[in-house]
2 protein chains.
Amino acid sequence: MTTTHLASTPRQSGARAVYELLRERIITGTLAPGERLTEPVLAATLGVSRTPVREALRLLQAEALVVELPTGGVRVAPLDVADARRVYDVRARLEGLLARDACERAARADVARLARLVDLMDVVRDHDEEVLRVGGQFHREIEALADNAWCSALLRQIRGHVDRYRALAARERVGTTDHVDEHRAVADAIAAGDPDEAERVMRAHIDRSAALAERALTPPPAPPPT
Amino acid sequence: MTTTHLASTPRQSGARAVYELLRERIITGTLAPGERLTEPVLAATLGVSRTPVREALRLLQAEALVVELPTGGVRVAPLDVADARRVYDVRARLEGLLARDACERAARADVARLARLVDLMDVVRDHDEEVLRVGGQFHREIEALADNAWCSALLRQIRGHVDRYRALAARERVGTTDHVDEHRAVADAIAAGDPDEAERVMRAHIDRSAALAERALTPPPAPPPT
DNA sequence: GGTTGCGCACTTGTATACAGGTAGAGGTGG
DNA sequence: CCACCTCTACCTGTATACAAGTGCGCAACC
């Protein structure tokens with residue numbers, strides 16, 4: 001971590017707490033898409049004054065988790081399934097860039113650590129829960145290696161929205177085998193010191209996740225005859 | 001413009017005005033990197049109360065144009081030249097994605113319009129000022145065609161930072177000829193309906209811009225003997 | 001003279017008070 | 001019965017008031 005001047009301060013003010021809480025609730029769907037958020041109600045509910053609530057709403061607004069109403073005030077950002085693809089498209093590019101950067105900075109020990117994570121993922125490949133957990137760890141590891149604060153900051157925003165869609169697709173069916181293989185491909189590219197390949201493979205990986213998410217998000221059309 | 005639920009509201013409240021003003025001043029360098037911003041001073045200067053100032057600062061904070069101090073309060077985000085490359089890296093991916101989307105949506109008339117912009121750019125190729133202006137228009141045109149609100153929103157943030165570095169490199173020396181050619185390559189790829197190529201070429205274009213900016217930002221080392 | 005301790009001024013964070021404006025409900029007239 | 005108008009209640013945006021914490025300077029003491 002050399003160039004860190006964003007996201008440097010973990011201070012917990014009341015406003016920050018409100019922000020975190022609302023963010024969580026929006027992402028998990030506790031606060032429904034399109035729901036109007038009124039400051040007095042939120043303030044009363046959370047036991048603070050309107051001021052910290054407003055601060056939190058501004059932060060959320062900048063993240064597009066809430067949208068401004070023409071008349072003032074905000075509501076929880078609507079969830080348009082058609083937009084999911086766009087969100088994943090952006091995520092694919094950002095994570096691809098991270099994979100490239102990680103590749104260019106990874107030391108031998110880092111490569112080994114990534115390999116271990118993939119192996120572990122392979123071991124637990126039958127337990128979706130674990131696959132998801134270890135997989136997430138893999139992505140975070142790459143993010144840490146990349147040490148690209150800019151990309152990370154943007155990715156954090158995008159991830160919030162990705163997680164919204166995930167929460168919507170109740171149980172995301174992970175193509176476990178492919179998932180592990182794709183991660184291994186990324187790890188291999190990094191091990192081989194091939195940044196172009198690392199970026200390409202990571203991007204392809206996210207693209208495939210996007211396709212799965214897209215399917216999970218559009219079950220209505222026609223339940224295929226078993 | 002079909003899927004627009006972000007950036008939909010142009011309401012001009014005082015807070016918004018403060019935000020726009022401070023943003024402008026930070027980007028142009030009127031407010032120096034690292035400078036401490038105190039709410040009472042800003043409020044008095046701008047003739048408003050602390051409340052709208054705080055709102056504006058939160059927005060700027062979410063954009064990383066100001067950074068939180070450990071003790072509370074904010075200062076203008078420092079400008080680390082080493083980070084310029086990272087910012088351009090992200091921009092390259094985002095604009096690349098936009099080029100792809102634009103390619104997939106462009107109608108014949110759109111293609112013609114892009115071609116005209118490139119031709120115009122070629123005509124004025126000797127006037128840097130004009131090249132920059134028309135070039136910017138070209139990029140905005142592609143952004144509009146792409147109709148990818150997500151990408152646009154993130155790009156807006158990144159552009160703010162790009163512009164900071166630009167303002168720093170007082171007179172960005174545009175490799176005019178290359179610049180025009182690169183734009184033409186993008187337009188051609190879109191005309192040919194080749195999204196992969198459009199993305200690739202656009203990304204390469206920004207990468208080259210990054211290299212130029214990087215040179216412009218590091219004049220100290222050694223003035224090459226003419 | 002250097003160092004240490006105290007005190008002050010300033011700043012942030014939060015709460016409250018106030019004015020303008022909007023939407024919605026209800027009543028009245030056609 | 002429907003449409004229009006009015007009135008009310010609420011919500012946002014802004015300003016101000018208040019409390020706590022921090023850093024800095026000054027002065028006294030070693």
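For the numbers below, each heavy atom of this structure counts, side chains included, while hydrogens, waters and symmetry mates do not. Below, chains carry the letters A, B, ... as their sequence lines are ordered, and counting in each starts from 1.
- Residues Asp80(B) and Tyr165(B) approach most closely at O-OH, 2.9 Å, considering heavy atoms.
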Could you write out each protein N or O paired with an N or O of nucleotides 7-9 of chain D at a distance under 3.5 Å?
none

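- Rounded to an integer number of Å, the gap from CD of Gln61(A) to P of dT12(D) is 13 Å.
- Classification of Glu95(A) and Arg159(A) as a salt-bridged pair holds, one side-chain N sitting under 4.0 Å from a carboxylate O.
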What N/O pairs connect the protein and nucleotides 14-22 of chain C at under 3.5 Å? Give each pair on its own line.
unit_1	atom_1	unit_2	atom_2	d
dT14(C)	OP1	Gly14(A)	N	2.7
dA15(C)	OP2	Ser49(A)	N	2.6
dA15(C)	OP2	Ser49(A)	OG	2.8
dA15(C)	N7	Thr51(A)	OG1	2.7

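- Leu57(B) has its CG atom 14 Å from the P atom of dT14(D), to the nearest Å.
- Here the shortest heavy-atom pairing between Pro78(A) and Arg164(A) reads O-NH1, 4.0 Å.
- The side chain to side chain contact (heavy atoms under 4.5 Å, CB included) test with Arg93(B) singles out one residue from Met202(B), Glu199(B), Arg203(B), and that residue is Arg203(B).
- Residues from residues 34-41 of chain B lying near DNA chain C, meaning a heavy-atom separation below 4.0 Å, are Arg36(B), Leu37(B), Thr38(B), Glu39(B), Pro40(B) in numerical order.
- Between the C1' atom of dG13(D) and the CD atom of Glu68(A) lies a distance of 12 Å, rounded to the nearest Å.
- Contact annotation for Arg58(A): backbone-only contact, meaning every heavy-atom pair under 4.0 Å involves sugar-phosphate atoms and none involves a base.
- Look at Glu68(B) and Arg16(A) and you find a salt bridge, because one of the NZ, NE, NH1 or NH2 atoms lies within 4.0 Å of a carboxylate O, short of that distance.
- Taking the side chain as every heavy atom from C-beta outward, Arg36(B) and Leu69(B) approach each other to under 4.5 Å.
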